[in-house]
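The chains referred to below are lettered A, B, ... by the order of the sequence lines, with proteins before strands, and numbering in each begins at 1.
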There are 2 protein chains.
Amino acid sequence: MRRKVTLKQIAKELDVSISTVSRALNDSKEIGEETRQKIQAFAKFYNYKPNNIALSLKNRQTKTIGILIPEIVHHFFSTVIRGIEIVANQRGYNVIIGLSNESFSKEVINMEMLANGSIDGFILSISKETLLRQDYHHFKETISQGIPIVMFDRVVNDIDCDKVIVDDFKGSYTAVKKLISYGCKNIALITTMDYVSVGKLRTQGYLQALEDGKIHAKGSLILKLDDGLALEEHLDILETEIEKFFKRNKQIDAIFAVNELYAVTAMKVARKLDFKIPEDIQIIGFTDGVLSKHARPSLTTLSQHGQKMGEEAAHLLIDRLQQDHDEEEDEVFDFERDMNFRTVVIETELIERESTK
Amino acid sequence: MRRKVTLKQIAKELDVSISTVSRALNDSKEIGEETRQKIQAFAKFYNYKPNNIALSLKNRQTKTIGILIPEIVHHFFSTVIRGIEIVANQRGYNVIIGLSNESFSKEVINMEMLANGSIDGFILSISKETLLRQDYHHFKETISQGIPIVMFDRVVNDIDCDKVIVDDFKGSYTAVKKLISYGCKNIALITTMDYVSVGKLRTQGYLQALEDGKIHAKGSLILKLDDGLALEEHLDILETEIEKFFKRNKQIDAIFAVNELYAVTAMKVARKLDFKIPEDIQIIGFTDGVLSKHARPSLTTLSQHGQKMGEEAAHLLIDRLQQDHDEEEDEVFDFERDMNFRTVVIETELIERESTK
DNA sequence: TTGTAGGCGTTATCAG
DNA sequence: CTGATAACGCCTACAA
């Protein structure tokens with residue numbers, strides 16, 4: 001087992017100083033052609049590669065991005081990660097992942113852990129528990145320590161950072177409008193509790209579309225489901241809830257669901273109750289994932305373009321990191337710094353499949 | 001923006017030496033009770049946290065694990081990551097992710113990148129291209145540099161490292177046996193090209209089960225599909241291929257597919273051709289994912305227990321890291337080191353749903 | 001009990 | 001053109 005070779009070792013072997021070796025390998029101009037050749041050849045032979053950790057310490061930047069998400073076994077989030085990773089790699093960054101598992105304390109711990117030098121900046125989506133408690137001190141603290149954050153999808157307004165969101169309102173609005181244009185009159189909404197911002201916005205889009213379509217919104221046609229039901233072990237309860245909802249509201253002729261699990265489950269229930277899709281009931285779900293594509297019939301959905309979101313987020317973060325780094329050298333002071341935080345809105349896209357017509 | 005406070009700053013403020021501060025914060029016994037109190041209070045007030053990078057450099061260990069996988073938008077892999085992350089966090093490690101995107105060169109580059117000090121060890125699943133080229137020099141090199149590797153799912157034998165695999169052979173065997181016991185006579189196999197080890201083993205399990213069931217295996221009942229077809233943009237081709245296969249073999253009464261996409265697609269085709277499931281055709285897929293659970297009818301599958309695999313892999317790696325670390329202190333020499341690499345086999349589990357009876 | 005010095009691997013600044 | 005020195009932030013053996 002031969003350990004990685006260091007500058008020091010090369011220096012000793014070749015009987016020159018460490019700085020000479022460093023210069024030769026960095027193609028400094030102030031070095032003799034001969035020594036350079038010799039050192040470079042030697043280094044290549046021993047497969048020398050500079051130690052990232054030492055570089056990080058010296059340069060005060062790790063060239064790695066911390067990703068903090070609620071859950072990884074989730075099509076949308078993994079799509080976002082893929083987008084981040086692609087851009088990060090292109091631009092010379094690595095990616096380190098922390099999972100909050102929707103828990104406030106895990107989010108805080110992970111964040112503090114990574115903030116202690118491991119990463120240059122964060123890309124994150126807020127956990128549900130955090131959203132519920134509305135306790136954002138860890139974000140603020142991190143930012144005040146000079147570590148920039150980019151939030152995506154689940155964001156809150158009063159944090160000074162760049163954001164990448166989808167136009168939840170407009171997306172829902174478009175979807176529901178589409179249903180109306182297809183002649184639906186009793187459009188139900190299946191959604192989550194309001195504290196998740198995206199849930200709220202999607203509900204608002206639904207309401208606005210109804211209003212503009214001159215359809216009176218009825219509270220009875222809105223089903224707010226507890227998040228816990230999305231867990232695998234509670235799928236049957238979810239199904240039962242939706243079934244009861246259907247039985248309470250036999251007039252339903254369309255469903256707009258704020259995520260694909262609700263959409264697919266609603267479809268299952270509808271078929272069980274002998275509704276024909278899309279003849280009797282049309283369905284649209286938010287979030288385009290595997291389930292929607294492969295459902296029978298396949299589901300019309302709003303695509304969130306997760307990968308695109310990830311890419312945008314990564315660009316925003318790295319742009320800011322590099323800007324900060326440049327300014328540091330120029331000794332720019334806080335008060336003259338450009339703190340214009342940007343919010344990038346990714347357009348949703350209605351992908352029409354078999355569940356509407 | 002107040003930057004993170006360091007030992008040095010605290011030392012200056014309190015007019016003591018850096019080492020005193022360090023000792024006070026590490027609860028060293030050789031320190032005055034009074035000074036300790038003072039320093040700890042001060043540090044707490046300024047929210048001092050040691051810099052991970054500096055610690056990594058000093059301790060020559062980063063306390064982070066590198067995960068290298070072919071693809072993240074994939075239920076199985078993300079499940080494994082979740083397992084790794086849980087154990088890693090429990091045991092004080094972070095997790096950094098590299099994606100090979102099934103490409104050999106990206107795998108090599110990512111590995112070299114991370115091997116330069118960023119991580120203590122790897123957990124990985126080999127990319128298809130690497131498997132195809134059978135070029136494993138980067139793994140061997142990494143290992144010879146003293147960085148341990150744990151491979152999962154897609155592994156190769158001639159690499160000295162711990163491994164976590166599922167019993168592909170036994171799993172397939174069980175599944176096909178089950179189909180036979182349900183009275184199926186013409187059991188088709190839908191699989192991938194042989195170079196992915198798991199594909200090969202699953203095929204062998206299929207053949208063995210037929211043999212033991214006194215059923216003559218027919219080459220015409222085995223469909224080997226090109227991997228490219230699994231890509232989203234080629235789903236229709238995949239469907240066409242399977243449909244042609246069906247039409248060539250009208251006698252098929254059961255299908256065993258080596259992944260869930262093939263299984264679900266086969267089911268789609270079967271229904272399109274007016275076969276009743278499970279009455280006319282029974283179907284079992286390898287890999288239990290979202291698709292199988294939510295398909296109509298739901299699919300009987302072999303679960304790979306991805307999270308469990310991740311957890312096992314993380315334990316294997318961290319155990320070895322800690323062993324290496326201990327031995328380093330005791331100056332154990334290579335030749336007296338315990339190089340017994342372990343291979344943990346995770347049992348697959350047949351989850352019976354509606355596609356069999 | 002506290003301080004000094006050296007080192008982890010690298011780069012940058014200053015002399016020579 | 002090359003070498004010594006300091007520094008990034010931390011820990012620790014040794015000295016006082």
Side-chain angles (χ1 to χ4, degrees), chain A residues 3-40 42-43 46-63 115-120 145-147 325 328-329, chain B residues 2-40 42-43 46-63 115-120 145-146 325 328-329:
Chain A
R3 258 244 153 56
K4 299 227 69 172
V5 47
T6 67
L7 289 187
K8 200 189 209 175
Q9 291 166 23
I10 300 183
K12 196 162 77 180
E13 291 298 318
L14 263 42
D15 207 40
V16 291
S17 77
I18 295 180
S19 18
T20 302
V21 179
S22 173
R23 274 189 284 249
L25 297 178
N26 287 317
D27 276 322
S28 160
K29 58 199 64 179
E30 38 179 82
I31 190 125
E33 185 54 30
E34 206 178 348
T35 13
R36 173 214 306 274
Q37 302 263 331
K38 186 179 61 178
I39 294 176
Q40 289 194 344
F42 190 90
Y46 280 101
N47 191 27
Y48 169 82
K49 294 275 168 46
N51 179 309
N52 289 330
I53 296 293
L55 285 179
S56 297
L57 186 60
K58 178 116 252 287
N59 301 333
R60 294 143 143 284
Q61 58 167 339
T62 60
K63 288 280 191 176
N116 293 322
S118 304
I119 52 93
D120 295 338
Q145 282 172 15
I147 301 177
H325 201 250
E328 204 156 294
E329 288 175 355
Chain B
R2 94 214 115 119
R3 259 242 152 57
K4 299 226 69 168
V5 48
T6 68
L7 289 187
K8 199 189 210 176
Q9 291 166 23
I10 300 183
K12 196 161 78 178
E13 291 298 318
L14 263 44
D15 207 41
V16 292
S17 79
I18 295 179
S19 35
T20 303
V21 180
S22 173
R23 276 188 283 247
L25 296 179
N26 289 316
D27 276 322
S28 159
K29 59 199 63 178
E30 39 178 81
I31 189 123
E33 184 55 33
E34 205 178 348
T35 14
R36 160 195 309 192
Q37 302 262 331
K38 185 179 60 178
I39 294 176
Q40 289 195 343
F42 190 90
Y46 282 100
N47 191 29
Y48 169 82
K49 296 275 166 47
N51 180 308
N52 289 329
I53 296 293
L55 284 179
S56 298
L57 188 60
K58 176 115 252 286
N59 301 332
R60 295 142 141 284
Q61 58 167 341
T62 60
K63 288 280 191 177
N116 294 322
S118 304
I119 53 91
D120 295 339
Q145 282 171 14
H325 201 249
E328 204 156 295
E329 288 175 355

- Residues A/Ser118 and A/Thr62: closest non-hydrogen pair is O-OG1, 3.4 Å
- Query: Taking only N and O in the side chain of B/Ser17, is any of them less than 4.0 Å away from OP1 or OP2 of C/dT4?
  - Reply: no
- Distance check: side-chain N/O of A/Asn26 vs OP1/OP2 of C/dT11, anything under 4.0 Å? yes
- Query: Among B/Val5, B/Ile10, B/Thr6, which one satisfies side chain to side chain contact (heavy atoms under 4.5 Å, CB included) with B/Tyr46?
  - Reply: B/Val5
- Would you tell me if any nitrogen or oxygen in the side chain of A/Thr20 comes within less than 4.0 Å of OP1 or OP2 on D/dG3? yes
- Message: Rounding to an integer number of Å, can you tell me how far A/Glu30 CD sits from C/dA15 P?
- Response: 14 Å
- Task: Decide yes or no, distance alone: a donor-acceptor N/O pair under 3.5 angstrom between the base of C/dG3 and the side-chain of B/Arg23.
- Result: yes
- Message: Taking any heavy-atom pair under 4.0 Å as a contact, classify B/Leu7: base, sugar-phosphate, or nothing.
- Response: sugar-phosphate
- Rounded to the Å, how far apart are A/Lys8 NZ and C/dT10 P? 11 Å
- Roughly, in whole Å, what's the span from CD1 in B/Ile53 to C1' in D/dA7? 16 Å
- Message: Check this one for me: any side-chain N or O of A/Ser19 less than 4.0 Å away from OP1 or OP2 of D/dG3?
- Response: no
- Task: Might you point out which heavy atoms bring A/Arg36 and A/Ile31 nearest each other, and give the distance in Å?
- Result: NH2-CG2, 3.8 Å
- Message: Rounded to whole Å, please give me the gap between CD1 in B/Ile18 and P in D/dA7.
- Response: 11 Å
- D/dC1 C1' sits how many Å from A/Lys38 NZ, rounded? 13 Å
- Whole angstrom is fine here: how far is it from CG in A/Leu25 over to C1' in C/dA12? 16 Å
- Message: Please confirm whether the shortest side-chain N or O distance from B/Tyr48 to OP1 or OP2 of D/dC10 is below 4.0 Å.
- Response: yes
- Item | Side-chain N or O of B/Thr35 closer than 4.0 Å to phosphate OP1/OP2 of C/dT2 | yes
- Keeping the roles fixed (side chain from A/Gln40, backbone from A/Leu25), state whether a donor-acceptor pair exists under 3.5 Å. no
- Message: So, OP1 or OP2 of D/dG9: does either fall under 4.0 Å of a side-chain N or O from A/Arg60?
- Response: yes
- Note on the structure: Whole-Å distance, B/Ile31 CD1 to D/dT12 C1', equals 13 Å
- Any side-chain N or O of A/Lys58 less than 4.0 Å from the OP1 or OP2 oxygen of C/dC8? no
- For the pair made of CG in B/Leu55 and C1' in C/dC8, what is the distance, rounded to whole Å? 11 Å
- Message: Quiz question: by atom type and distance under 3.5 Å, do the side chains of B/Asn116 and A/Lys4 form a donor-acceptor pair?
- Response: yes
